[in-house]
Amino acid sequence: MVRLLTLAAHTLALLKAAATATATPDVAGCPDSDCSFSQVPLTQANLTASKVQQDLGPLLSKKTNIYGSDDSRYEHAIGRWQAFAAPQFTVIVEVAAEDDVSKVVKYANENSVPFYTVNRAHGGARAQGDFSGIQINVVPLSGIQINPDGKTARFQGGAYDQEAIDVLWEQGYVGTTGSCGCVGMMGPGLGGGHGRYQGLHGLISDNLIKMDVVLASGESVEVSSESHPDLFWAMQGAGHNFGIVTSFEMKIHPRVVDTWFFRNWVFTQDKLEDLFEALNKINGNGTQPGEMAVVFGFFYLDPTFSETEAVIWWSMHYAGPQEDAEPYFEPLNNLGHINVTEGNVPYTQIPHATRTGEDDPLCDHGMNHVIRTAGLQVYNITTQREIYNLFNQNIKDHPEFAASYIVMEAYSVEAVKKVDHSASAFSQRDENLLVQISVTYPPEPSLDETALEWAGKTRDLFNEGQPGRLPSTYINYGLGDESLESIYGYEPWRLEKLRGLKHKYDPENRFRYYVPIIRD
Ligand SMILES: Cc1cc2nc3c(=O)[nH]c(=O)nc-3n(C[C@H](O)[C@H](O)[C@H](O)COP(=O)(O)OP(=O)(O)OC[C@H]3O[C@@H](n4cnc5c(N)ncnc54)[C@H](O)[C@@H]3O)c2cc1C
Ligand SMILES: *[C@@H]1O[C@H](CO)[C@@H](O)[C@H](O)[C@H]1NC(C)=O
Ligand SMILES: *[C@@H]1O[C@H](CO)[C@@H](O)[C@H](O)[C@H]1NC(C)=O
Ligand SMILES: *[C@@H]1O[C@H](CO)[C@@H](O)[C@H](O)[C@H]1NC(C)=O
Ligand SMILES: *[C@@H]1O[C@H](CO)[C@@H](O)[C@H](O)[C@H]1NC(C)=O
């Protein structure tokens, strides 16, 4: 239901929250019943690209491009990983300078036209399908500069993983990025951001020092522990709901090692139980050391091995030389694989060597991905078998789903667990394993229901396999229609605080197309 925001209601909500906030950290909350939001009025101007060019063009930097569906660049600009519930873009504005962003937002607001930020276009959330309006494309804002102190670097809002990995490594540093070469820094980072250096240095969001942010109103603000600290808290975990990051400063770290060691194994299903027993030992219920950066794998159909039975592909990547890595890798070496690949390589080559490079099939655009996810502490062996069998059954029943996969990731959580749980909006520091199913198929609406059913069943099996634990949904791995508590945290003060901050910083709920906190 849409209720109108009134100053009185707002003040009341703040007072009430202040009165009940004693048990919880500095909450300027907004209990569900008191929270009200208005939405963008419906009298939108029907803006064409040429009209936007005429009005806005002269105000923006010279290299900024504005175009619509009749332009040859349009198809590329709307191309995305997630075809299921794709946003509609009427006009594309490719911003060439950071301060263009605020001008575009103000102009869109004046014309009551929704806007949505796009960087590397791998966002999977379902609410994106509700969007129609102006695309603010931040891809050109890709600068990365290491600060003279060698402890921090400044990234523009369109920086992305492989770029960040390369730029830092070449100059003797590493940073927290996502694992996949193709995704943006901020897409993952505003929701936490998992990656290979998290065991040593924490999540992407844990390393943020400050951000330059354009708010829903178009106003530009600096967000840090000193400036708008409440917003800083929110944007480290729930950031997509609050603003557009035009640049950010992040901690960086000396690179320490010259090479990483990886090994990729392929197993047939008869090894499944032994494999997951071994994986539980290696992970040690979340005690995998920082250097043993990640142990991850897939169930997927690989016709070079079998046309009917998914293979189990697994990979380990260690931050250092092979001799230090081998003791950790040992439990997988003797299970009886059917294929193996390995190498000592510079960190920059690790994404591609482990099938997560920017040009690898995982990053490809254009397919439907019905994604469901869970957070786990240990693998339940019986559950893993059920999920595997269900995978084969569905592929058999629906050959259209042949490109589907289940990905299971055990990053080291050593440094992640050291960060105070209440220090940011990221609420999932107790999860040791991230699992996700993607039912993958060429867009075909008649298959959606079946895809949702299989994906949901798989997620439920994962969760039923951990009796007594509450479901968790990593914001960047689900469709965003899961329970808000499973995404943003079960402690009531978390959602109260987030709703209060939405009220304060985005009272018209303009940022509502990626896992919205306010659902109307
Ligand atoms: C192949 C693949 C690999 C992945 N690997 C990882 C991984 O290793 N670690 C991990 O944590 N997650 C990973 N994810 C999930 C990933 O975090 C999300 O898909 C993320 O949304 C992708 O960001 P993007 O820039 O590629 O996509 P986009 O669709 O361009 O952006 C995603 C969302 O972030 C918003 N956004 C982007 N840039 C900004 C900005 N500057 N300011 C404000 N909002 C912004 C967009 O508006 C959108 O809502 C992966 C996903 C895929 C498909
Ligand atoms: C926009 O177009 C629709 C129909 O396409 C029309 O009903 C509406 O009045 C137009 N709005 C404005 C502000 O011109
Ligand atoms: C894993 O560790 C958590 C504490 O971090 C504990 O609560 C849980 O019981 C452990 N699980 C297993 C299976 O040992
Ligand atoms: C199998 O091993 C070969 C040789 O190491 C490698 O080139 C190939 O990519 C491997 N296949 C898979 C699916 O891992
Ligand atoms: C594994 O999952 C089943 C439900 O599928 C559950 O009954 C069992 O207790 C789980 N085992 C453990 C060790 O949690």
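Scope of the values below: all heavy atoms of this structure, side chains included, with no hydrogens, waters or symmetry mates. Residue numbers start at 1 and run along the sequence shown. Atoms within each ligand, like the ligands themselves, are counted from 1 in listed order.
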Does the separation of the ring centres of [X] and [Y] fall below 6.0 angstrom?
X: Y379; Y: F276; answer: yes
X: F262; Y: H317; answer: no
X: W313; Y: F299; answer: no
X: Y411; Y: F296; answer: no

[X] vs [Y] aromatic rings, parallel, tilted or perpendicular, using cut-offs 30° and 60°?
X: H369; Y: W81; value: parallel
X: H201; Y: Y197; value: parallel
X: Y116; Y: F131; value: tilted
X: Y318; Y: Y328; value: parallel

For ligand 1, which part of [X] has a heavy atom less than 4.0 Å away: the side chain, the backbone, both, or neither?
X: D161; value: neither
X: Y513; value: neither
X: H240; value: side chain
X: S179; value: both
X: Y474; value: side chain

Which atoms from ligand 5 have a heavy atom of P467 less than 4.0 Å away? 9 (O), 14 (O)
Within a distance under 4.0 Å of any heavy atom of [X], pick out the atoms of ligand 1 and give their elements.
X: A121; value: 24 (P), 26 (O), 27 (O), 28 (P), 29 (O), 30 (O)
X: G157; value: 41 (N)
X: H194; value: 7 (C), 8 (O), 9 (N), 10 (C), 11 (O)
X: C180; value: 3 (C), 4 (C), 5 (N), 8 (O)
X: G193; value: 11 (O)
X: T117; value: 39 (C), 46 (C), 47 (O)
X: G184; value: 24 (P), 25 (O), 26 (O)
X: G178; value: 7 (C), 8 (O), 9 (N)

Nearest protein heavy atom to [atom]: under 4.0 Å?
atom: atom 9 (O) of ligand 3; result: no
atom: atom 26 (O) of ligand 1; result: yes
atom: atom 4 (C) of ligand 3; result: no

Answer yes or no: is there a donor N or O on one side and an acceptor on the other, between the side chain of N432 and the main chain of Q377, under 3.5 Å? yes
May I ask whether E464 has any heavy atom positioned less than 4.0 angstrom from an atom of ligand 5? yes
Looking only at heavy atoms of T383, does any of them come nearer than 4.0 Å to an atom of ligand 5? yes
Judged by non-hydrogen atoms, does Y477 sit under 4.0 Å from ligand 1? yes
Does some non-hydrogen atom of G243 fall short of 4.0 Å from ligand 1? yes
Protein residue, atom and distance nearest to [atom], heavy-atom basis:
atom: atom 38 (N) of ligand 1; result: N119 CB, 3.9 Å
atom: atom 11 (N) of ligand 3; result: N285 ND2, 3.0 Å
atom: atom 42 (N) of ligand 1; result: V245 N, 2.9 Å
atom: atom 7 (O) of ligand 3; result: Q377 OE1, 4.5 Å

Could you check whether any side-chain heavy atom of E431 comes within less than 4.5 Å of a side-chain heavy atom of L434, counting everything from C-beta outward? no
Using the rule side chain to side chain contact (heavy atoms under 4.5 Å, CB included), only one of L208, L501, V213 pairs with M235; which is it? V213
When you look at T176 and M250, which way does the side chain to side chain contact (heavy atoms under 4.5 Å, CB included) test go after all the steps? CA-CA 9 Å; T176 50; M250 200 177 82; 3.8 Å; yes
Given the options K417, R429, K251, D206 meets salt bridge (Lys or Arg N to Asp or Glu O under 4.0 Å) only with R429
Measure from atom 13 (C) of ligand 3 to every heavy atom in N283, V378, N280 and give the option owning the shortest one. V378
Would you indicate which of I381, N380, D460 comes nearest to atom 2 (O) of ligand 5 when only heavy atoms are counted? N380
Verdict with supporting geometry, V174 and L168, side chain to side chain contact (heavy atoms under 4.5 Å, CB included): CA-CA 5 Å; V174 296; L168 295 178; 5.7 Å; no
Just to verify, what does C180 make a disulfide (SG to SG under 2.5 Å) with, not counting sequence neighbours? none
